[in-house]
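Quick notes on the structure that follows.
In what follows, chains carry the letters A, B, and so on, assigned in the order in which the sequence lines appear, proteins first and then strands, with residues in each chain numbered from 1. Just so it is clear, the structure is predicted and the values come from calculations on it, not from any experiment.
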2 protein chains.
Amino acid sequence: MAQATPRYHHGNLRAELLVSAERKLETTGVQGLSLRELAREIGVSHGAPRQHFPDKQALLDALAVLGLERLGRELGAALGEAEGPFADRLLAFVRAYVRFATAHPAMLALMFARKDRPDAPELLEAGERAFAAPVALIAGAQAAGEIDDADPDRVAMALLATIQGLATIITGGMIGDRSDDVVVSGTVETLLRGLRPTR
Amino acid sequence: MAQATPRYHHGNLRAELLVSAERKLETTGVQGLSLRELAREIGVSHGAPRQHFPDKQALLDALAVLGLERLGRELGAALGEAEGPFADRLLAFVRAYVRFATAHPAMLALMFARKDRPDAPELLEAGERAFAAPVALIAGAQAAGEIDDADPDRVAMALLATIQGLATIITGGMIGDRSDDVVVSGTVETLLRGLRPTR
DNA sequence: CCTAGAATCTAGTCAGTGTCTAGAAATGTA
DNA sequence: TACATTTCTAGACACTGACTAGATTCTAGG
């Protein structure tokens with residue numbers, strides 16, 4: 001894995017930086033991520049990363065894009081395997097999302113910390129691609145009459161908000177000693193039934 | 001306001017640090033907040049803040065508690081003024097929450113960035129106090145039969161997740177060119193009606 | 001009043017960081 | 001083989017958070 005005789009040209013620095021950065025991100029969070037430390041671990045001088053990322057934010061952006069792509073793959077896979085009525089497939093989707101969120105909380109925060117970089121079109125595009133499968137799920141369910149045929153956009157926003165909030169309060173420890181899955185399935189059920197009395 | 005002849009003892013450093021820190025937080029975000037810069041602005045040596053906050057994280061924690069208290073006051077005020085049926089009061093509550101989130105996005109992120117400090121009981125307590133009013137809203141509505149009498153805890157978690165997610169996707173710019181209020185009221189309506197077909 | 005002791009602030013230091021620069025080394029190409 | 005480009009090294013700079021010793025001010029107790 002590590003080069004026995006380190007060459008002057010690393011040959012794959014950009015990719016290895018991203019790998020190391022992601023590992024560091026998951027263990028220490030974004031604030032414990034240092035370009036110089038990454039370079040040290042890889043065995044390259046402290047200025048080398050600059051050749052591939054003009055500054056630290058560029059590395060973080062690239063990392064966020066990778067995270068969005070992986071999230072998209074996982075959501076797509078979960079929905080691809082899901083069978084049965086809409087409620088089951090919805091639950092499978094939300095479970096997959098929350099699984100990703102709890103497995104990679106720092107990455108999730110990075111993916112949605114858009115405050116710092118107002119102009120990052122590739123991030124927005126990556127986000128849209130990541131959420132293609134759930135959007136299709138909603139559209140399909142509405143077409144099949146499985147859910148209320150209200151404004152699809154409205155429903156999509158509500159669903160997006162709910163799962164994103166679920167991820168935040170779970171990874172933030174705000175669910176106390178409740179089990180993740182109970183909160184997830186309970187929220188999905190509430191979302192399906194609505195708050196209004198059923199009779 | 002500023003002391004004409006600066007005294008050796010500032011007399012109110014801790015409070016002024018928090019005020020300056022909050023202003024800086026709102027303009028530059030948490031990563032642009034420097035203890036030394038705060039000390040410089042206030043006109044005190046770079047080591048002075050250490051007397052009141054053992055490290056930077058302690059200042060951020062104190063700031064988060066202040067934010068939670070203010071959020072609690074605003075939510076309480078909004079719900080205190082709200083009249084009419086449950087749906088109206090719920091909407092008033094969500095609007096107040098989103099208003100706070102969009103006005104102080106960096107503060108909101110700070111308040112819920114609990115990953116870095118696993119043990120911060122005063123933060124948890126402040127959080128519970130901040131959400132006292134909405135919890136009471138749900139409990140009261142259930143008692144009055146205004147909403148489905150499912151597990152109150154389940155409903156509360158779902159509602160908390162939804163508003164927190166709303167705040168995240170709105171402040172994160174993920175709602176595109178939709179207006180905040182349309183997304184807010186649309187989500188509340190979806191939450192009330194549920195996703196299931198009504199007939 | 002005055003005098004210890006505690007609280008508060010200053011000044012200096014240290015390791016660490018991100019960014020910038022000039023130049024060396026390797027790679028690709030004509 | 002010669003040359004231009006990419007990639008990396010090495011040194012520097014300003015900045016940060018944290019630690020320390022000591023100066024200054026405040027506060028009670030006698």
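- Checking C/dT8, C/dT10, D/dG17 against every side-chain atom of B/V44, the shortest atom distance belongs to C/dT10.
- Taking every side-chain heavy atom of A/H46 into account, D/dG11 is the closest of D/dC8, C/dC9, D/dG11.
- The side chain of A/S34 places no N or O atom within less than 4.0 Å of a non-bridging phosphate oxygen (OP1 or OP2) of C/dG16.
- Place A/R36 and A/A48 on DNA chain D by their nearest nucleotides, and A/A48 ends up nearer the 5' end.
- Summarising the geometry, the separation between CG on B/N12 and P on C/dA7 is reported as 18 Å, rounded to the nearest angstrom.
- In this structure, A/R40 contributes its side chain and A/H46 its backbone to no donor-acceptor pair below 3.5 Å.
- The pair B/D180-B/R99 does not meet the salt-bridge criterion, since no charged nitrogen lies less than 4.0 angstrom from a carboxylate oxygen.
- Between the A/R154 side chain and the A/D151 main chain, no donor and acceptor come within less than 3.5 Å of each other.
- Counting to the nearest Å, the P atom of D/dC26 and the CD atom of B/Q51 are 15 Å from each other.
- Atom-to-atom, CD of A/E37 to P of C/dT17 comes out at 6 Å; the value is rounded to the nearest Å.
- Here B/R14 lies out of heavy-atom contact (under 4.0 Å) with every strand.
- Remark: P of D/dA14 and CG of A/D55 are 20 Å apart, rounded to the nearest angstrom.
- Per the geometry, NZ belonging to B/K56 stands 9 Å off P belonging to D/dT16, to the nearest Å.
- Spacing between atom CZ of A/F53 and atom P of C/dT19 amounts to 13 Å, rounded to whole angstrom units.
- Regarding contacts with the backbone of C/dC9, a side-chain N or O of B/H52 is found under 4.0 angstrom from either OP1 or OP2.
- A donor-acceptor contact shorter than 3.5 Å is absent between the side chain of A/T28 and the backbone of A/L25.
- If you measure from atom CZ of B/R40 to atom C1' of C/dA11, you get 15 Å, rounded to the nearest angstrom.
- Between the side chains of B/T168 and B/Q164, a donor-acceptor pair is found at a separation under 3.5 Å.
- In this structure, A/I42 atom CD1 and D/dT7 atom P are separated by 15 Å, rounded to whole Å.
- Note on B/L59: nothing from the nucleic acid sits closer than 4.0 angstrom, heavy atoms only.
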